[in-house]
Amino acid sequence: MTSELGIVFLFLALILSSFSFIKLNFGFFNINFSSLCNIKITNIVFTLIFSSFIILTYSFINSDFSLDVVVNNSNSQLPFIYKITGVWGNHEGSILLWLLVMAFFGFIFSKIRNINNEFKELVLTIQNSLIFLVSLFIVFTSNPFQKSFPPKIEGVDLNPLLQDPGLAIHPPFLYLGYVGFSIVYSISLALISNKGNFKFIEILKPWVFISWTFLTIGIGLGSWWAYYELGWGGFWFWDPVENASLLPWLTASTLLHTILLANKNSLFFKWTIFLAIFTFILSLLGTFLVRSGVLVSVHAFANDPSRGLFILFLLLVITLFGFIKFLKILDNKNHKEINFLSREGVISLNSIFMLSLTFTILIGTIYPIFSNVILDKKISVGAPFFNSILSPMMIPLTIGMIVGPFIKWGRDDLKFLINRIRYVIILILISSLIIWYLNFGGPILSIIFFILGGSLIASSTYELSLFLFSVKRKVKLSKKILSQILAHLGIGILIIGVTGSSILKEEKIQFQSIGEEIMIKEFNVKFLGVRSVEGENYISQMGLFDISKGGNIIKRMTPEKRFYNSGKQMTTEAAISSGIFGDLYIALGERSENDPDEKKWTTRIWYNPFTLWIWMSVILLALAGLISFVRFSQSRL
């Protein structure tokens, strides 16, 4: 009977949240709903949804095979941690987690004391309406408590690719980012209804920064998981589902900058509201792409297309409602003039470049879908297209980040600006010459991006030194400046990491005999053979490789081919040796069919320069976001 309570709680949450939905929509007809307290509804709805999620988790832990979702995504042999991961390793459970996170943000917002009650009620009315729509989708199309009779004796298995610690933490962080923008959406619409009162924009800031931070961590964890789990030596290959998480991150990154100016200029206020609405819409679009069945991807949930139509309907409703409300603050009033040579001007230009990049990636992601559906032509838009778009865009964006922190607000003078950044220019010239010397003869594109990344690191380091080592300046290093420096450092490091691991990577694929040595970069990789290893719920063929450098053995690496008993599936587990200047990456392939002695195996060996820098950049970006969150939440949360 425990699992029956789960769907009962979801039905109750659906009914309660429907009152908010009715209030939001019929409020246009001047029907009085003043007695309806959305704060109480929010607390009760969160408790009900949380209880339902706990019940589903309990069902997975106890292998309740009367539930279809447990049968299809777990079995009795599954390790405990992956039984919990199985809760969100499928469509039904993950969309319930989606709903839980949405309710959680509403619950947290309801507990903030120093917000006008009328404004809080309006925000929670919108948030509960979103909860109602998602609850409707779950209850009628994606019930995680669906049962079969008679119950199964054993489950199928969790997808072996998801049986990994990275997948235990990646989806929750990603959803905290994705779904966190639901409260940003709700607050933004409430700001519009509040007649664009600029002072209320302060309420929005901590929610934008914490959602962006979680999304950054989620994307970083996803790339890290793909890098070591999929066994193809890369961290990102412009998969449409990966793009689905990148798109809201790009608009949210733009939002981080415009929101800082929103209470100074009505134009930036409107930009902020637009970006807040658009970011959540892109999060919903990502949900549609993942769950509609229109995409084939290792990340996608292949489902009934009717579910995709329901999500598309929700996407259209929420998009139309958001932009109809947004039209209310569009007017022909004169805005405060923005000078090109000013901090505001640089932010405006970078915002335009970021949005141009976002729309280009969006078109490249969804065009193959329209081509297939409307034109009945299957086309593929891959990495060459996206790289050709990203490369030129990064040059002005990086220059803006280098110069922006040193430009004055309002208006600046070019002569004074050059004098102010003379030491930055010298640092950039020196670092550029060093980079050119170290990479002379290499791909010109890699040299350009190394110089861009190095220049951004140099300018950020110089800015930091002004506060840490300057005797003349007695200004404290504020949270605002520190977060900006860390974020720009993170982007500079990210540029170097992505450039090195994508442009300069070396790859060798071959049949390698036992005892044979392969040279890659300065490493000598000797194949020692394969041995069988039995895991908790799989059998593994483990390759043994001795790595030597300069004649000395420095490490033994053990890539695997795992065969999972229940699902009868095979996975590749790469072995990675990470260093500050590059990763040695080995994946074990199949045994040669033409080798009667069974001594030859396919091996794939990569050397990926600066890959570790990518994960370092994610840490710096997340830290910058957390510092900004703390800064803005001290007076608001």
Side-chain angles (χ1 to χ4, degrees), residues 253-254 256-265 267-268 271 335-354 392-439 447-496 617 620-621 624 627-628 631:
S253 298
T254 310
L256 296 182
H257 294 82
T258 61
I259 198 172
L260 299 177
L261 304 171
N263 55 358
K264 298 179 181 179
N265 190 314
L267 179 61
F268 281 110
W271 263 110
H335 304 289
K336 186 178 178 181
E337 184 181 346
I338 298 174
N339 188 272
F340 175 76
L341 193 60
S342 67
R343 187 83 63 90
E344 295 94 330
V346 172
I347 290 174
S348 299
L349 285 174
N350 270 19
S351 298
I352 292 170
F353 283 121
M354 286 285 276
M393 286 285 190
M394 284 306 300
I395 296 174
L397 281 170
T398 308
I399 292 172
M401 285 185 280
I402 290 170
V403 180
F406 300 98
I407 298 181
K408 291 182 178 179
W409 296 102
R411 183 185 292 271
D412 207 340
D413 183 274
L414 183 59
K415 187 182 296 184
F416 290 130
L417 173 61
I418 293 173
N419 183 61
R420 198 180 306 127
I421 63 173
R422 61 188 184 278
Y423 295 119
V424 176
I425 295 172
I426 293 170
L427 274 174
I428 289 174
L429 288 173
I430 293 172
S431 61
S432 298
L433 287 172
I434 293 171
I435 290 169
W436 182 274
Y437 174 77
L438 293 176
N439 294 274
I447 296 173
I448 291 172
F449 280 103
F450 278 151
I451 289 174
L452 284 174
S455 299
L456 186 52
I457 292 170
S459 66
S460 299
T461 305
Y462 174 74
E463 187 182 5
L464 182 62
S465 70
L466 292 177
F467 293 91
L468 296 181
F469 306 113
S470 178
V471 178
K472 295 180 181 179
R473 297 188 62 170
K474 297 182 180 180
V475 181
K476 289 184 178 180
L477 182 61
S478 64
K479 291 187 179 73
K480 175 184 176 181
I481 299 298
L482 179 59
S483 61
Q484 172 196 286
I485 291 171
L486 289 176
H488 287 182
L489 273 173
I491 295 296
I493 291 171
L494 178 64
I495 290 171
I496 292 175
S617 73
L620 287 174
L621 289 169
I627 291 171
S628 293
R631 173 192 166 204

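Numbers for residues simply follow the sequence, beginning at 1.
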In Å, rounded to the nearest 0.5 Å, how long is the span from CZ of Phe406 to CG of Leu417?
9.5 Å
What distance separates Leu456 CG from Ile402 CD1, expressed to the nearest 0.5 Å?
5.5 Å
Evaluate the side-chain proximity of Ser348 to Trp271: yes if any heavy-atom separation is below 4.5 Å, no if none is.
no
Would you say CH2 of Trp436 has more than 12 non-hydrogen atoms from neighbouring residues, nucleotides or ligands within 6.0 angstrom?
no
Looking at every non-hydrogen atom in both residues, tell me the closest pair between Ser432 and Ser455 and how far apart they are.
OG-OG, 4.1 Å
Is the backbone of Pro405 close enough, under 3.5 Å, to the side chain of Arg343 for a donor and an acceptor to pair up by distance?
yes
CZ of Arg411 to CG of Leu341, rounded to nearest 0.5 Å, is 9.0 Å
Sidechain-backbone polar pair: Ser431 side chain, Ile428 backbone, donor-acceptor under 3.5 Å
yes
Just say parallel, tilted or perpendicular for the rings of His488 and His257, cut-offs at 30° and 60°.
parallel
Is there side-chain contact between Ile421 and Phe416, with heavy atoms separated by less than 4.5 Å?
no
Close side-chain approach of Val403 and Val346, heavy atoms under 4.5 Å
no
Interatomic spacing from CG in Leu489 to CE in Met401 - rounded to 0.5 Å
11.5 Å
Separation between CD1 of Ile627 and CG of Leu486, rounded to the nearest 0.5 Å:
5.0 Å
Taking C-beta and beyond as the side chain, do Ser351 and Thr258 meet within less than 4.5 Å on heavy atoms?
yes
Full working for side-chain contact (heavy atoms from CB on, under 4.5 Å) between Leu261 and Trp409:
CA-CA 11 Å; Leu261 304 171; Trp409 296 102; 3.1 Å; yes
Work out which heavy atom in Leu621 is nearest to a heavy atom in Ala487; give both atom names and the distance.
CD2-O, 3.4 Å
Which atom names give the shortest non-hydrogen contact between Ala624 and Ser483, and what distance separates them?
CB-O, 3.2 Å
Residues Ile447 and Asn439: closest non-hydrogen pair is CD1-O, 3.5 Å
Check against side-chain contact (heavy atoms from CB on, under 4.5 Å), Ile457 and Ile496:
CA-CA 10 Å; Ile457 292 170; Ile496 292 175; 3.7 Å; yes
Nearest atoms (heavy-atom pairs only) where Ala458 meets Leu427
O-CD1, 4.0 Å
Just verifying a value: how many Å separate Glu344 CD and Ile407 CD1, rounded to the nearest 0.5 Å?
10.0 Å
Could you give me the CA-CA distance, side-chain angles and deciding distance for Met354 and Ser253, then say whether side-chain contact (heavy atoms from CB on, under 4.5 Å) is met?
CA-CA 8 Å; Met354 286 285 276; Ser253 298; 3.7 Å; yes
